[in-house]
Number of protein chains: 2
Amino acid sequence: MKRLLILLVALSLGGMLAAAEHPMLLLTRGGVKEMKAARGSVPTFDKSLDRLVADADKAVEREICLPVPKDGGGGYSHEMHKLNYYDMYNCGIAFQLTGDKKYAEKVRKILFAYVDFYPSLDFHPLGLSSNPGRIFWQTLNESVFLVHTSVAYDCIYDFLSKKDRKTLEEKFFRPYADFIMTGLPHNRANIKMFATLNNWATWACAGVGMIGMVMGDDTLVQKALKGSDLTGESGFLRQMDVLFSEDGYFTEGAYYLRYAIWPFVTFAECLDHYDPSLRIFGYRNGILLKAVDALLQMAYEGEFMHFNDALEKGYSAQELISAVDIAYHANPSDKALLWVSDTYQHNVLVSDAGFAVAKGIRNGEAKKLQLRSGYYRDGGDSNQGAFTILRPYNKKLNSAVTFKATSHGLAHGHFDRLTFAYYDAGNEIITDYGAARFLNIEAKYNGHYTHENESWAKSTIAHNTLVVDQKTYYGHKWRKSQQTWPEPYYHSFREGLQMASAVERNAYPGVVYARYLVYADVPFLEYPLIMDLLKVKADGPHQYDYPIHYNGHMISLSVPYTRAVTEMKTLGSDNGYQHLWVEAEASGGEGTTSYTWLTGYRMYTVTTTTTPSTEVKICRLGAGDPDFNLRSEPMYLLREKNAADHLFASCVETHGKYDLQVEQSANLVHSCKGIETLLDDGSALVVRYDFIGGHSATLCVWTASADESLTHTVTLPSGESLSWTGVVDAKYI
Amino acid sequence: MKRLLILLVALSLGGMLAAAEHPMLLLTRGGVKEMKAARGSVPTFDKSLDRLVADADKAVEREICLPVPKDGGGGYSHEMHKLNYYDMYNCGIAFQLTGDKKYAEKVRKILFAYVDFYPSLDFHPLGLSSNPGRIFWQTLNESVFLVHTSVAYDCIYDFLSKKDRKTLEEKFFRPYADFIMTGLPHNRANIKMFATLNNWATWACAGVGMIGMVMGDDTLVQKALKGSDLTGESGFLRQMDVLFSEDGYFTEGAYYLRYAIWPFVTFAECLDHYDPSLRIFGYRNGILLKAVDALLQMAYEGEFMHFNDALEKGYSAQELISAVDIAYHANPSDKALLWVSDTYQHNVLVSDAGFAVAKGIRNGEAKKLQLRSGYYRDGGDSNQGAFTILRPYNKKLNSAVTFKATSHGLAHGHFDRLTFAYYDAGNEIITDYGAARFLNIEAKYNGHYTHENESWAKSTIAHNTLVVDQKTYYGHKWRKSQQTWPEPYYHSFREGLQMASAVERNAYPGVVYARYLVYADVPFLEYPLIMDLLKVKADGPHQYDYPIHYNGHMISLSVPYTRAVTEMKTLGSDNGYQHLWVEAEASGGEGTTSYTWLTGYRMYTVTTTTTPSTEVKICRLGAGDPDFNLRSEPMYLLREKNAADHLFASCVETHGKYDLQVEQSANLVHSCKGIETLLDDGSALVVRYDFIGGHSATLCVWTASADESLTHTVTLPSGESLSWTGVVDAKYI
């Protein structure tokens, strides 16, 4: 089936070449005509065009400078060459939309400067990447350069003489594309890179395919689509097959989906102009549009959720402008895309797609994006675990609970399975550290991922999940971790009682753990309650750590504790534990222990089953960090020693109002007063949460089979009999 | 003169009583008529009224509950009685504006519940205040209760039978007012309290005066105005004389001015209705309006600047709604007040004043508040130092530099003199800790100022100023500190070269220090530069600490440092130093040391003159804090040991763009490469700051006399001669 489609694609493209006219990539001749005619009447587009022309004007005035490649990201030579491709891109488009030849002339001059400069370059001297570029320290940037430059070349194609074009193509673009596809004679590393199935190769295919289209070289386009061997085993189409699950999830997570989507939508938009009959946006049931939707959903307050290697990025990122505009152009029925553009971006692509979005906004068609609970399977075959988001039905609540039970996520994945996180009232409450990196800041390991990204951010203890024997699982080897993944057990988005759950059998030899995470509207509580059952079974005794990384200020712990006041030591010496200062220690309470913190105007309390032999630690990040690469963040930890089978039964309450502006406060003390495990027999978990006022919530989870239609009846040790239908139920008194 | 005015006030009030009609305090009969007629046509007012009526509806349905006094702020009995006065206030006003008697009936019922309840009360049992109330743990809240209840009583006055009024007044209001003025027979502590000149007494006067007006008891009004002995040595008018400087500055600082202004404007508004001929808003050249303006100016991004005891409060605080509405009602030409209301408050008083504001907003009269540089003298006689704010003229910059050279600020003052702070791009950059308090949170020392407010927040090391020999000055005794204050030397708001400066002679025996703080537009720098010359002279060797408390993430230090990686100790054992963990240590650079951090999207670098014998410390707050009462915040410190005369010459650069959304970064490395003191001869300070690109800024300060007209010519050791006119000049190359 896949092969057939590729064949059809190849056939359909065959007849295209005669008709080629420029511009043809992100802009079309018809589009340009329409945009020029509409000048002054489409505000968002006008503003974006004004900005682009202003940048192009700066570019025109700027002295052309091609420094000898030397620096990494953020360094002078890196930023200068980056500026050059932005300058060319802006000038090319400005030429199309203003007709002013000074812009075309500037592109021409920069391109010819590269004609002289480029052939002499060996690999970049920095030597920090296994796939070095020539202008840039890594091939990735080299490909991004080509994508932008192709657009610029497309825009001035008709302006150039045939002789100019011949020179540019022979001396610059063809060798450049060849470098991207193969490398240099003494190092052909890019052959392998171009054939991989990750975002480096997507950028590479986009660059090669786009310059192929502009040059009228369909062979390059075919290589971009089907790999340089044209077998379809690699290339853009294969990437669309395997890099996303059927739900549009990208295995590295939201932050890198944001980056990966950029070349996908950019190249797809160009392909759609090159050959509309290809219906590239319909490929694999519209996988690219699904990916854009998944990406928008995996955000809180417009910022992408932090899991795996993630920095602060959101809807306003430049990649998202491309993603939103191009997705809307491909599917103008999705009016929420207009809302995202209008609310977060205030900027559109100066292209056919951006123009369509700006017109939609002007016409008042934008509709607010509805964030919802979602289940995003991982893996090209959609069978490698899942990422689940639980969101309240009550639209007045601005909350999200996430549950990560995905596969490892390749080189940008972290060593955490069955992790949860919580967002509420505009803040990250129970947090994921994301990546340890100061992008582009030379003083911080040249802007790369710092050493602490490995030693802390990727370690298991850096996440809200089980850590066994203070070890990061699989000995911190991601290729090993990549071979297995958690098994999703059951999820439900039933109003009032939502659930995510999964079982992990591989992370630690001899240890199986399952997590049942319930998000419930409890009639006697102010806000929905998170109930968390983390059940571990092992073939021998182990130490189990249950960490909660939170954002906020410690308010109270329900048991007496000893704070470090004059001297502070670390929690451990490796596996991430070396990065944690122990601020305070305590013994767990008889029955439960509660820990409360304040974030913004609300309180949050986690209450967990403990005994006096449970160890309680309050820690702060920052130890073992000689270069100040880590943020100073707090962590609360419960430790069970010498346990084999164990159930961490917890709940997270959101409570109280702490409004300094009107000096009103209420409900500042948590309500959960006890947690009792009524049944834990291998088939069912029944846990009663007791609250003040004589209230209780009894959570019933059938753990033996995820059949929604079955009715279960269990007898509790008290002799009481309890029945429920389906996997999960909660009974309130 | 003052006596005469009081006499006139007394005379003018004498003729009032016959004409009294209700309501008369915040609402007037004419005002109510107008508001009712305008219902539905003044959006902000309609919304505020809807909210108030909704709250009144809740109050009507609520079971009346008067718990036995037991708890402090945030506790049940405290919050319940607070709710009662808000309920009465809302119901009273709702009755006036809807005419629905259920509201009046509810006020009546609550009042009569207090008639039964109140007389039996002794002092509040908590025993944490030296001025305990009866319902509340401190008399302050007792007075606030009376202010709100007076408004409620005023609103239902005509609804009540004469008999009801007699009962209420005899059994409740008169004893209540008497308690506020004197106390109880076995403890007359309130006599002294009522005669003090601080905000407790202002609330007390407002409460007593307002209930006096409603009851038609002018004697109570006179006591409120002139003290219970009617001499004018205390009371509201005297408070207006001494609690503000001529510039409207309140000695405790912005945060408590915000609180203090509330009873002032509230009582003044009532007085203005009671007797317009009094022209209370014109009193002392319009001191109350000046105070409101000063308060609005002492804010950044709508939040009051943090100095002395300060929590997070800003324009949206409920006190500010009163201040802004009543100030506008008194002076409708100040259209910026409408802007503050419309932008930050979205709520107006349901009163004549609030109605005026809502009408102004509806009519489109609001004008953006212009924040400007300002010099606010301290002390009733305006001769106790000053607080200076320097703001850029370029309105695209959103920055402020503050310089605190005020008197101590009574019990809420901190032990810091000549402190500076810096705000930029929406963030606090160089910070003041403010108060160590979790208002209303019982788990945190019952919501009071925590012990760490004394041990850390008030200590000298907690501030960006000189610390001598690791001591808080005056042995941390505020009454001693209150007796002296810094001498302002010179300030200038000249565009491009602004300056604040002062000399401190008393803080440390035998040590005199001066600070010359310059905020300059430097032609070759991206953002204005702060140049800071902190000059110390002493009669013997001392240790000088120069701390910079900042908000952000450490990026780099220009000298090699050793980070604590497995163990951390404190910087000292007392005077606040016991609260600082030493994260890293270094020796100063030859010439200068630079320290860079990242806040938001910008970099900030402080570069200071050092030698290799300078000690450099990077610290973090949190040691010696057994109850987690302190926030975890970073500090950078330079230490000069065995110095007598010393000049800390520094600059603070704002530089760079670090935009993760578009992944663009520029100018991330600071520009200042050296600082050289060219002259320091007791009459002049000439310091050259060297920057990359061969640029320099030579700062010339005449320190011997602050005469703007004089021209100074000095000869540098190099033989070069330098001239400038006035106190300060900067020469750029």
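Order of the sequence lines sets the chain letters (A, B, ...), proteins ahead of strands, with each chain counted from 1.
Contact of the E567(B) side chain with the E567(A) side chain is registered, since non-hydrogen atoms from C-beta on lie closer than 4.5 Å.
In this structure, chain A has heavy atoms under 4.5 Å from both the backbone and the side chain of R631(B). Looking at L630(A), the atoms closer than 4.5 Å to chain B (heavy atoms on both sides) all sit in the backbone: N, CA, C or O. Contacts of Y76(B) with chain A are absent, with no heavy-atom separation under 4.5 Å from either backbone or side chain. Contact of K444(B) with chain A is made through the side chain alone, with heavy-atom distances under 4.5 Å.
Heavy-atom neighbours of chain A within the stretch residues 596-605 of chain B, taken at a separation under 4.5 angstrom, comprise L598(B), M603(B). Using non-hydrogen atoms only and a strict 4.5 Å limit, the part of residues 550-559 of chain B facing chain A consists of H553(B), M554(B), I555(B), S556(B). Residues of residues 573-583 of chain A that come within less than 4.5 angstrom of chain B, heavy atom to heavy atom, are Q578(A), W581(A), E583(A) in numerical order.
Contact count against chain A (heavy-atom pairs under 4.5 Å) is highest for T566(B) among L311(B), T562(B), T566(B), I618(B). Per-residue counts of heavy-atom pairs under 4.5 Å with chain B were compared for G656(A), A623(A), G624(A), A443(A); the largest is that of G624(A). Top candidate by heavy-atom pairs under 4.5 Å with chain B, chosen from A584(A), G622(A), P634(A), is G622(A).
To the nearest 0.5 angstrom, R620(B) atom CZ is 6.5 Å from R620(A) atom CZ.
In plain terms, the two heavy atoms of P626(A) and Y561(B) that are nearest each other are O-CE1, 3.3 Å.
In this structure, Y658(B) contributes its side chain and L439(A) its backbone to a donor-acceptor pair below 3.5 Å.
Among residues at least two apart or in separate chains, salt bridge (charged side-chain N to carboxylate O under 4.0 Å, His left out) pairs with a member in residues 621-630 of chain B are R563(A)-D625(B).
For H346(B), the NE2 atom sits in a packed shell: over 12 heavy atoms of surrounding residues, nucleotides or ligands are nearer than 6.0 Å.
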